[in-house]
Amino acid sequence: MNKNDLIIRVAGEGGEGIISTGDFITQACARAGLEVYTFKTFPAEIKGGYAMYQTRASAAPLFNQGDTFDILCAFNGEAYDLNRSRLRPGTAFVYDGPGGDFEPDVPEGVHAYAIPMTKTAKEMGSIKAKNMVALGALSQLFDIPEQPLREIIAAKFTKKGTTVLESNLNAFTRGRELAAALPKTDSWRMTAPAEKRDVVVLSGNDAIGLGALIAGLDFFAAYPITPATEIARYVARHLPKRGGTLIQAEDEIASLAQVLGASFAGKKAMTATSGPGLALMGEMLGMSFMSETPCVVVDVQRGGPSTGLPTKHEQSDLFMAIHGSHGDCGRIVLSVEGVSDCIALTVEAFNLAEKYQCPVLLLSDGSLAFSTQTVPYPEPADYPIVARKAWDGKGEYQRYVITDDYISPMAAPGTPGGMHIATGLEHDEIGQPNYTGANHEAMQAKRFRKLDGVVKDFAPVEVDGEGDAELGIIAWGSTIGVVREGIARLRAEGVSVKGFYPKLLWPMPVEQFEAFGATCGKVVVAEVNYLGQLAHFIRAETNLRPESYTICGGLPFTPAMIVSKVKEMLR
Amino acid sequence: MNKNDLIIRVAGEGGEGIISTGDFITQACARAGLEVYTFKTFPAEIKGGYAMYQTRASAAPLFNQGDTFDILCAFNGEAYDLNRSRLRPGTAFVYDGPGGDFEPDVPEGVHAYAIPMTKTAKEMGSIKAKNMVALGALSQLFDIPEQPLREIIAAKFTKKGTTVLESNLNAFTRGRELAAALPKTDSWRMTAPAEKRDVVVLSGNDAIGLGALIAGLDFFAAYPITPATEIARYVARHLPKRGGTLIQAEDEIASLAQVLGASFAGKKAMTATSGPGLALMGEMLGMSFMSETPCVVVDVQRGGPSTGLPTKHEQSDLFMAIHGSHGDCGRIVLSVEGVSDCIALTVEAFNLAEKYQCPVLLLSDGSLAFSTQTVPYPEPADYPIVARKAWDGKGEYQRYVITDDYISPMAAPGTPGGMHIATGLEHDEIGQPNYTGANHEAMQAKRFRKLDGVVKDFAPVEVDGEGDAELGIIAWGSTIGVVREGIARLRAEGVSVKGFYPKLLWPMPVEQFEAFGATCGKVVVAEVNYLGQLAHFIRAETNLRPESYTICGGLPFTPAMIVSKVKEMLR
Amino acid sequence: MNCAQTHLHKVELETKDYKTDAKPFWCPGCGDHGVLTGMYRALAEIGVDPNYLVNISGIGCSSRLPYFVRSYKMHTLHGRAGPVATGVQLARPDLAILVNGGDGDGFSIGGGHMPHLARKNINMTYVLMDNRVYGLTKGQVSPTSQRQMKAYTTPYGGVEEPLDPVLYMLTYGASFVAQTLATNVKMTAQLIKEGMEHRGFSFISVLSQCPTFNTIDDAKSFKGSSEELQDNHDVSDIDAAMHAVNMAHKNGKIPVGLLYRQERPTLDERMADLVKQAGGHPGYDLRKIIDLSRP
Amino acid sequence: MNCAQTHLHKVELETKDYKTDAKPFWCPGCGDHGVLTGMYRALAEIGVDPNYLVNISGIGCSSRLPYFVRSYKMHTLHGRAGPVATGVQLARPDLAILVNGGDGDGFSIGGGHMPHLARKNINMTYVLMDNRVYGLTKGQVSPTSQRQMKAYTTPYGGVEEPLDPVLYMLTYGASFVAQTLATNVKMTAQLIKEGMEHRGFSFISVLSQCPTFNTIDDAKSFKGSSEELQDNHDVSDIDAAMHAVNMAHKNGKIPVGLLYRQERPTLDERMADLVKQAGGHPGYDLRKIIDLSRP
Ligand SMILES: Cc1ncc(C[n+]2csc(CCOP(=O)(O)OP(=O)(O)O)c2C)c(N)n1
Ligand SMILES: Cc1ncc(C[n+]2csc(CCOP(=O)(O)OP(=O)(O)O)c2C)c(N)n1
Ligand code: SF4
Ligand code: SF4
Ligand SMILES: [Mg+2]
Ligand SMILES: [Mg+2]
């Protein structure tokens, strides 16, 4: 039990303040200088239903949500029932009682603390303050930094007037008092580091919005969809400050169409969606590729197929991301591991789109979308920004001229003499329709060879470990963070294991995959989907024949699952 | 030069009667008992532009359009220019002259016949009869059966009145006379077999329409698109006779939506489209898979990506056909070799859809769409028809009950007690939304294991050749017919080569691919696309590492190309 | 107006017989509860046989309704309920088709399908549950949102003029167009009943408040601005119906009641005629068709 | 009506200066030739700078038009010209946007986008080239085809009522709605000119015959049924405009001329206000935004 790495889960009925309680804990920890990594599940219903917010906090960097919680705070009986099986010896358990809607049957070895949350809140005049009582108790019991918490509570409620503010602070204090009166039997404590780093705390979705702003986003069009909508919310709030434009389109087809229009007009443009929306964009992505119009499309994956499990986690859109248009159609596909990537790779997505004049898809996922994490303060100037190749205005302009690097200069409307057509029809170098075989073969070659540069320029492949290993694990997206920790633990146990973490999924950095495979006895690909989608592409494009380790229960892997899978494979 | 296998190409300006001339030749040959296989290219323009119609006719079965023509009939200078490089020694060349718009510079060894088509037609009072003059000349020169030709001309023009009929027949006769006056220097002759078989002549598109009727099509919805629209035309003409329903939808999303509605209502339903339309159907195909609602979707592939080359041939939608929906999403993908398959596999597509309650995609292609071929009279009773598993009305109905074969019985509206919901949300056995991990994993397993039966039940894999071979060729779609002939020629030369012709592309009959590969020294996959799409799936799903032989010039392979590729690979 | 109603198989049932075991998942105070109650009542009053009723929806809070109605049903994709329902109806004209869904579902992503349901006069009843907001995705503007609405992605207020579903449907040629409020269960039930009895495409717009995400259009404000159509309103005059809506717009009012009704052939009827004309019947010998392709 | 026309950069050019080297690919007698001529003339009369003109289309015979117009241009996907143009316009309000396309492109597959172009008042000119048939795919019925049309997939005649684009656009809130015939080049040029000068979404429906695939709506029949709007027609009254169209329907007539015009803010103007309100400018310090996420 590492007291420097604590996981607190707050659970109860949606609407009882579960999410804000978790947010307060998270913000306070971060303000105190701890690293945080949060994990949430929302009810499928709009109001009510089970909600859960888990904060992992540590002095050391964090890469995933952890195996399970150390501390559970249950606001109601449903929360207790759903989490009871995880109450192992040593776990601390704070619950609403007496006066709550349940009477727990506390398992042996669990440290239980009954805090009369509902009762106290009612006594204090507002049932709404229930979560503040709980927060006070948690703060007292586990040393969740009191001062930052008070500041954050104050900041949140000041706008609502002194009465509201006072009653919340009082409830918080009362919670601390109630907890102080109980004998502390467990040994869980938050310990904040002496030194504070300069960080921000962002969710995956907000970080993508921020990355886009840093990249120089001018135009954003989208249609709302869970779990991607927060990207639009972030952009809607901040893009106008930069003079940019956001439009909610009538559907996903229109949103990508608008993005292509804005891009043709010379602007950096993007959209964000989830699987069902991406499924509607296949034709327009083909138009982007064929007409060589840059665009960035974010897909925050959710449980599929079809409407599927809209609020659940899955990494199952890779097939469609790579193969989802008719004809031979190229694109660049990136995926993000965590919040820091959400910033950096969104910038990179724009750079690649502008440089290679093609669609760039950025895959995130449902769990990361809502996970808030501490990341070093993102200094805008630290991110390199790439502009599209511009026409120099000399000679006769040919929009699709075949150059050495197969990238043709672009001319935005208003450039004298740069008039041209962007077309989805097969065309010659000036854009005129041309269906001859020779032309089609030449232009397809141009469009694909252009992308050869991508792997060379940009192969942010990370190999975790050196030399040979008995087993290599390949992971993508937020699974990478879980594998990192699994590998660290296995290494600590002396297991010979390596990790391979690609962020560029298409075109595939084949050599690097193969080089990694060559150093590993066995290779396994861990991903959260049914069919083993990345494993498919690895088999098709490289000489590796990896084993596939997949789960699709709507939740991410845990480090413990990785550890046991590896041990099983090496047995 | 096999006189029993003759290729005649008629070429000129669209609107000059090129297509009808070709049709007359084709029909007459077929009526005389010859096998035919035609090949056409249309102008991109609506009126005018270069048009070409090639008829291959033979006493023996035909599988492709051939290498090049033996006889060229050029109606104008453009047709001559475009085909001049193919005028090899021995070729017969009939052209409009004197009085045409060009004066050919006939290559050495080519047998040229000048027929004053334009002049004669004008003299006879109607420039429209130009093609009849040409037809008469061709008939005389190459023994294209005169009697059937006269009958067919008569049948076509009778409705237009005696004057029109007479003038056409006269022009035909005049053409014969003009040709008879010329010295015949070549030795090309059509020789009709003594015995006539019972055949029909159909284009690929019409044959798909017919297959659907045989399968018991009740409902057809589509949105027009080249080169798939003729399927709708055929169905529109004949489905009402069977009491069925055809609707032109507002777009492809709606057409597939309507199909799913009709299927839910208990009817056999299908749509037909091409790549751009299929790209819009990804989300709805997911709905079909998730809700286990049968549907048949025909994709007549054309040159891509994007709007691409709408009238050109390509086999490049396989990626999207297999991977074009978000989430882990299954489907069955079939592809057709020729007209006979268009009938039989369309029936099979319905059988599979109904049996496995999932989307079935049938891939055809632009060249086959318009290729008319002789096929044995399709006796409707010879095609086995499969009905969906119906609920027996006993006990409480559970739409998604997990059975031994993972197929759940269906109940059509109106079945007492069979009320249920078809839903795209993840659901339990009765269809109620259920997002628990255990349920999602169980239901995904149900939907995918259900499809395990497909390969067993239906693996129409044909291996061409026995024992071991130095080289194996894998092909799909209409490329198969080309490979067949290539292999026959190679064998005749003593080359050790085999062919593998899958018609079920997904799920992949892995064992059969591997068994084939095990008997071949090398394996090559021939397909008309840029990226080698089937080769990708073979690499991903089987233990084979085939070489990829691709072309994408808008035209099919020729047997000669296969022959030379094999020789090159075996050098 | 009682023409042949072959699409309504009737039985004697009570309101409760149309309820399923699933508990409506909407927030307390959501107008959709009222729409559901009105629908139960309409079904019971007509006596629709649930075995011959197909209730179809897209995606949204409102689109969850079929789970709560005893019937055959399809919970389809966002915006696609209309064309799916078209397929069901044309394939099986003997079924009663009831579609319901939200303003975003019907007039944003699904907006391209609406004209064709109406002009083709597909024999179904479409109940729009208009809360002027995207409920399920937590509060973005919809095409019917008032311009000033500050919402999820419009923190500085909106910039677009809302559209009016009933004017659209009149223009599209819907053969029955009505509007009501979710809080007026009686009128809602009555209009849904009339809509279902109507042979042709009937459209009933129900203003259904979303207290959770739309605070500017609450039940009270809907009620306050609603205005019953005048007694002498001629429901057979399309020009009068459009005029009534245009005038209501001018006065900031929401017209409620039956706006328009027209008897004209449905698409399935016309198709049946076409089959007759082609001499069609399921037993038609396929060989006669195949014979046409002999050379 | 001459409000600030920042979207029209002007130069002195002649009609021929708007022609490209590409030869129009339409059939002889196709109405689209007339539309193109009218468009050239309108452009020259205004003096639109081709470097600041973006001509956008979808897919169809009519959608080939941009290839023949000297300008920046996009030949997009079937039905998607409208939203693509929206992106261009909002990103660059300094450009003149001219969209054109067919009846199928605009009112079948693209029909879901039209309401939003109009109600959002996107500052562009949309020229519909309505031949009442699918030309490029060789003669299927379109949503504007007359019911009786026997065509490619309707060998026994059609079964659906056609829709009327101008009535739709009036309902959608287009701020400029007009109709003309391809054979009347003068009127076509004049209305396109006025439409382009109008600040807001202008819609010009041109009835453009397709002699190849639509024999029931030829140039003559279009002319025969067309009827100029009355001199006293009030172009500022939406109710009067709808009434005029409804009356024309009753009488089997096609109203030509300017039906409706309204001055109201365009979406880009409203968005500019919003940026102003947020204190926005391209130089706004990003760090101020990032600072908000410090714990
Ligand atoms: C293709 C697709 N895009 C987006 C979504 C996300 N989505 C679900 S419901 C909804 C809108 C809900 O609003 P409305 O239709 O008005 O129904 P309400 O919830 O208000 O009843 C959206 C955008 C989706 N499910 N599918
Ligand atoms: C997604 C998609 N579906 C179908 C088509 C085929 N298609 C091309 S043009 C067209 C319709 C043409 O009709 P219209 O828009 O009226 O233009 P017109 O040719 O009559 O000018 C169709 C259906 C396509 N290109 N893309
Ligand atoms: S969010 Fe709004 S529409 Fe959805 S259930 Fe709640 S109140 Fe009803
Ligand atoms: S087919 Fe019709 S619309 Fe197309 S170019 Fe010819 S006449 Fe014009
Ligand atoms: Mg709504
Ligand atoms: Mg048209």
Side-chain angles (χ1 to χ4, degrees), chain B residues 27-31 148 198-202 206 210 213-214 218-219 221 238-245 247 249-251 253-255 257-267 269 283-284 287 291 374 377-380 412-425 432-433, chain C residues 9 20-22 49-56 59 64 66-67 70-92 94-95 112-113 115-116 120 267-268 271 274-275 277-295:
Chain B
Q27 293 291 335
C29 291
R31 193 171 285 194
D198 193 14
V199 298
V200 292
V201 181
L202 284 164
D206 285 355
L210 175 57
L213 293 181
I214 293 174
D218 292 303
F219 184 91
H238 302 301
L239 185 58
K241 299 180 187 169
R242 303 269 293 171
T245 301
I247 183 170
E250 54 274 23
D251 62 20
I253 299 174
S255 57
Q258 289 165 351
V259 162
L260 293 194
S263 180
F264 175 83
K267 300 293 187 176
E283 194 195 9
M284 197 59 72
M287 169 82 196
S291 66
T374 30
Y377 190 91
E379 198 55 64
T415 310
M419 286 169 287
H420 67 273
I421 192 157
T423 176
L425 278 176
Q432 207 53 29
Chain C
H9 292 246
T20 62
D21 294 341
D49 183 345
N51 285 305
Y52 287 85
L53 171 65
V54 187
N55 185 186
I56 300 171
I59 301 288
R64 284 295 187 97
Y67 289 95
R70 250 185 88 231
S71 64
Y72 281 86
K73 47 211 172 188
M74 302 182 78
H75 184 211
T76 72
L77 301 179
H78 194 33
R80 314 306 171 194
V84 171
T86 300
V88 179
Q89 203 283 325
L90 294 178
R92 291 280 303 275
D94 63 317
L95 301 171
H113 306 301
H116 311 287
K120 296 182 185 185
L267 189 66
D268 63 287
M271 284 178 163
L274 191 146
V275 165
Q277 192 189 323
H281 55 91
Y284 189 97
D285 187 3
L286 260 176
R287 302 180 96 263
K288 282 210 255 174
I289 294 168
I290 301 171
D291 288 345
L292 300 172
S293 300
R294 290 192 199 269

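Residue numbers start from 1 in every chain, and the chains themselves are labelled A, B, ... in the order their sequence lines are given, proteins ahead of strands.
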Below 4.5 Å from any heavy atom of chain C, which atoms of [X] appear? Answer side chain, backbone, both or neither.
X	value
V201(B)	both
L210(B)	side chain
A254(B)	both
L239(B)	neither
D251(B)	side chain
A269(B)	neither
S263(B)	neither

Tell me, side chain or backbone of [X] under 4.5 Å from chain B's heavy atoms, or both, or neither?
X	answer
K288(C)	neither
M74(C)	both
T76(C)	both
D291(C)	both
H113(C)	both
L267(C)	side chain
L53(C)	neither

Heavy-atom side-chain proximity of V199(B) to Y377(B) below 4.5 angstrom
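Answer no - side chains too far apart.
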Q) Taking only residues two or more places apart in sequence or in another chain, which ones pass side chain to side chain contact (heavy atoms under 4.5 Å, CB included) with P433(B)? A)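 P433(B) satisfies side chain to side chain contact (heavy atoms under 4.5 Å, CB included) with L425(B), Y435(B), R64(C), Y67(C) only.
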With sequence neighbours excluded, residues passing side chain to side chain contact (heavy atoms under 4.5 Å, CB included) with R242(B):
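With neighbours one apart ignored, the set is Y284(C), L286(C), I289(C).
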Review point. Is the F264(B) ring parallel, tilted or perpendicular to the Y72(C) ring (thresholds 30°, 60°)?
Key: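 Taking Y72(C) first and then F264(B), their aromatic rings stand perpendicular (interplane angle over 60°).
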Q.
What I want to find out is whether R92(C) reaches D94(C) closely enough, with some N-O distance under 4.0 Å, to be called a salt bridge.
A.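 Salt bridge: yes.
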